[in-house]
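In what follows, a structure is listed as structure tokens, so that the remarks can point back to it.
Every chain is numbered from 1, with letters handed out A, B, ... down the list of sequences. Remember, predicted model here, so these are calculated numbers, not experimental data.
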Number of protein chains: 2
Amino acid sequence: MSQPEQLPARPTIKSVARHAQVSYQTVSNALNAPERLRPDTLTRVLRAVEELGYRPTQAARNLRLQTTRLIGFRSTRSDGQGVSSIESRFLYALTSAARDRGYGVILFAADGDEDEIAMFEDLVSRGAVDGFVLSGSHRHDPRTAWLAEREVPFVSFGRPWEKTSFDYSWLDVDGHAGTVAATEHLAANGHRRIGFIGWPEGSEVGDDRYAGYLAAAADLGLPTRGLTVRGLDGIGAGTQLAAGLLGKAHPPTAFVCVSDAMAVGAMHAIEHRGLAVGRDVAVIGFDDSPLATVVQPAMSSVRQPLESIARRCVDLLLDRIDDPRSAVLTSVVEPTVIARGSSNPDHPSPPDGA
Amino acid sequence: MSQPEQLPARPTIKSVARHAQVSYQTVSNALNAPERLRPDTLTRVLRAVEELGYRPTQAARNLRLQTTRLIGFRSTRSDGQGVSSIESRFLYALTSAARDRGYGVILFAADGDEDEIAMFEDLVSRGAVDGFVLSGSHRHDPRTAWLAEREVPFVSFGRPWEKTSFDYSWLDVDGHAGTVAATEHLAANGHRRIGFIGWPEGSEVGDDRYAGYLAAAADLGLPTRGLTVRGLDGIGAGTQLAAGLLGKAHPPTAFVCVSDAMAVGAMHAIEHRGLAVGRDVAVIGFDDSPLATVVQPAMSSVRQPLESIARRCVDLLLDRIDDPRSAVLTSVVEPTVIARGSSNPDHPSPPDGA
DNA sequence: GTGTTTCATATGAACGTTCAAATGGATAGA
DNA sequence: TCTATCCATTTGAACGTTCATATGAAACAC
């Protein structure tokens, strides 16, 4: 904290103009319609811009252009159950993708749907954002209707789980295809008795993944009766559910799990039984969360291509922002199986000692 | 997508004025200096505001007030190792805290320090934010100097790990105090041989936590020789490190762990040895991540009060934004031990079956 | 009835941009 | 040499606020 030495004030378009000996509108033209300038003035102006480090003030362009170049996204309280690393990976991807298109992401905390809508209301009425990216769609989701009614541009990461009277753009990961791929992966490794550890019936995402497992098993002619268990998410729950199946007369030799936490639990149960994960019993999780690479052996998992989803969310949203009548697009992208030790017969259980 | 029925345009201060039969500046006064209005006009204007649902346009006030009411925060690529649930919990808390003070949080993706500074440059030169909240301070951190030099308001969550020629406000969790409390907690439960599972030497946070363990042990007259092991973070690593200690002649009866991932690994090793977590060998982790409640038995952990830290970060930052000469404040807040089954003698290992 | 005070409301200007339209100087055609 | 054409540049206005200041009506004292 030395003496109050004045920092140079942030340059405005006028100071650049003075510096380049032109009127300030010419500077504006240099930046927004360079073809209107004579080449020599253009370079002169651009050099002045460079020298002063001028960047147009956001607030002024916002006011003038009636836009904010900001996208709203809800920050979830990940406090509760579940390792929601998906959210944070998606958030990073979304932020990068937005930035590449010259947009920023403004985050808002909201606890439930109503709370989130209140935030929409606030942000929209103040003109603080150009649009929203939604996530975590679910049945009876009031958010989409609210936004559609007010013609606020938005895109949803997460499909609609029921019919709506309006259309909107959304992207989603094909959970069904994910568990199909997981099941096929295990079958390709020689497994015939493949179990499924899922969430209780009623969750859209969970039911979708379960259906994929059933479909793949039916397709491959594999048994499923007595091989599926469902319970609340968690490592402990996964352990208990897996232990239950392993204790049966004809236990599964592989598990498709609805989440990585369940899968870690299953690995735990397998080892507790003295079996080797990967060699004796294979496991595959879902989401490819940090958990997957932090366990030993590393866990196979179904990975959602969040980066490309985020990018496409931004693309779709900006299309709508640029032209509110732009086409409504929806697409389901397929996740990919990331094969690691937990589903690899050559990969033994972790060593016992140090 | 019905007919192009025109939505009512967003009300401006002028439309409110027309509606309330006053000039538009009176509306401004009603909102910003209500004591200047006669009570009856005030209510009339406020009713008009209410009826039209008027909210001042953000961009216009930004321009006029030379402020954005936006705080910048870096979104980390949590892609790599480690379950960085801390980040996302902090982010939620920060966003709520900011909102309570009328500020928003704008997120930006950055990969390293240089990249982050480039984002600072961008946001600051465009006047897109009023200040920053930093996180993840480390040795040779160039970010603080950059911001301080340009007199950009900021607050750091994370202490400076070296002397700087300038001062700035920061908050941090006292990792030292955290492991002291953890060690004391285990000692209070009757443990005498308490081991430590840490990160390799050289990480600021890890060394701090290690030092706390050593200090508490010395204070309590407990042995530490041959009871500490260090390695890269991870569940698998925790298992191996703990297994190493448990295999010794005089194994520890309790573990203080530098992270929850390490602690989960330790629990794993304990059970693998046929011992009961909590009853036979106690474990306590650090950070109280979702992992802690997802394992069985639930894991004791040292919890950082991220919510209050976020709130204080916002308070300090806004002080600086309001008055750049406001006092520089630093404070270290003590984390608290959250005792759960893994350090509770009455809590046995998980059931074997379903 | 005139002059002063007081208070509620209105006027003017500015924040920094961008866009539409006007200016003015050069070049070319008659 | 005078006018038409063209192009680079400038002028004017607007986006929606807030702040400083001016106006004007009522209330009061003389």
Item to complete: From the options A/E121, A/E149, A/E116, select the one residue that forms a salt bridge (Lys or Arg N to Asp or Glu O under 4.0 Å) with A/R143.
Response: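 Between A/R143 and the candidates, salt bridge (Lys or Arg N to Asp or Glu O under 4.0 Å) is satisfied uniquely by A/E116.
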
Looking across every strand, which nucleic acid part, if any, lies under 4.0 Å from [X] by heavy atom: base, sugar-phosphate, or nothing?
X	value
B/T57	sugar-phosphate
A/S28	base
B/N62	nothing
B/Q25	base
A/L63	base

Using only heavy-atom distances, determine whether the side chains of [X] and [Y] contain a donor-acceptor pair under 3.5 Å.
X	Y	value
B/N32	B/S28	yes
A/D113	A/H140	no
B/R320	B/S169	no
A/N62	A/T68	no

Q) Does the pair B/Q304 and B/F157 meet the rule for a side-chain contact (heavy atoms from CB on, under 4.5 Å), with working shown? A) CA-CA 12 Å; B/Q304 311 192 14; B/F157 170 25; 3.9 Å; yes

Review point. Considering the terminal five base pairs at each end of the helix from C/dG1-D/dC30 to C/dA30-D/dT1, what angle separates the two local helix axes, rounded to 10°?
Key: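 The end-segment axes of the helix from C/dG1-D/dC30 to C/dA30-D/dT1 are tilted 70° relative to each other.
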
Would you say CD of A/E162 has more than 12 non-hydrogen atoms from neighbouring residues, nucleotides or ligands within 6.0 angstrom?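 Above 12, so yes.
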
Relative to the 5' end of DNA chain C, which residue comes earlier, B/T41 or A/N32, by the nucleotide with the nearest heavy atom?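 Looking at the nearest nucleotide for each, B/T41 comes out on the 5' side.
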
Exercise. Relative to the 5' end of DNA chain C, which residue comes earlier, A/L65 or B/V22, by the nucleotide with the nearest heavy atom?
Worked result: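 Whichever sits nearer the 5' end wins; that is B/V22.
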
Taking for each residue the nucleotide of DNA chain D bearing the nearest heavy atom, is the 5' side occupied by B/R36 or by B/Y54?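 Of the two residues, B/Y54 wins.
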
*asked:* With heavy atoms of chain A within less than 4.0 Å as the criterion, where does contact along DNA chain D begin and end?
replied: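 Range of nucleotides within reach of chain A: D/dA8 to D/dG16.
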
_A/F73/A/F132 under ring pair (Phe, Tyr, Trp, His ring centres under 6.0 Å): CA gap, chis, key distance, verdict_ = CA-CA 6 Å; A/F73 187 76; A/F132 294 96; 10.0 Å; no

Give the intermediate values and the outcome of side-chain contact (heavy atoms from CB on, under 4.5 Å) for residues B/R10 and B/T57. CA-CA 9 Å; B/R10 212 146 56 68; B/T57 303; 3.6 Å; yes

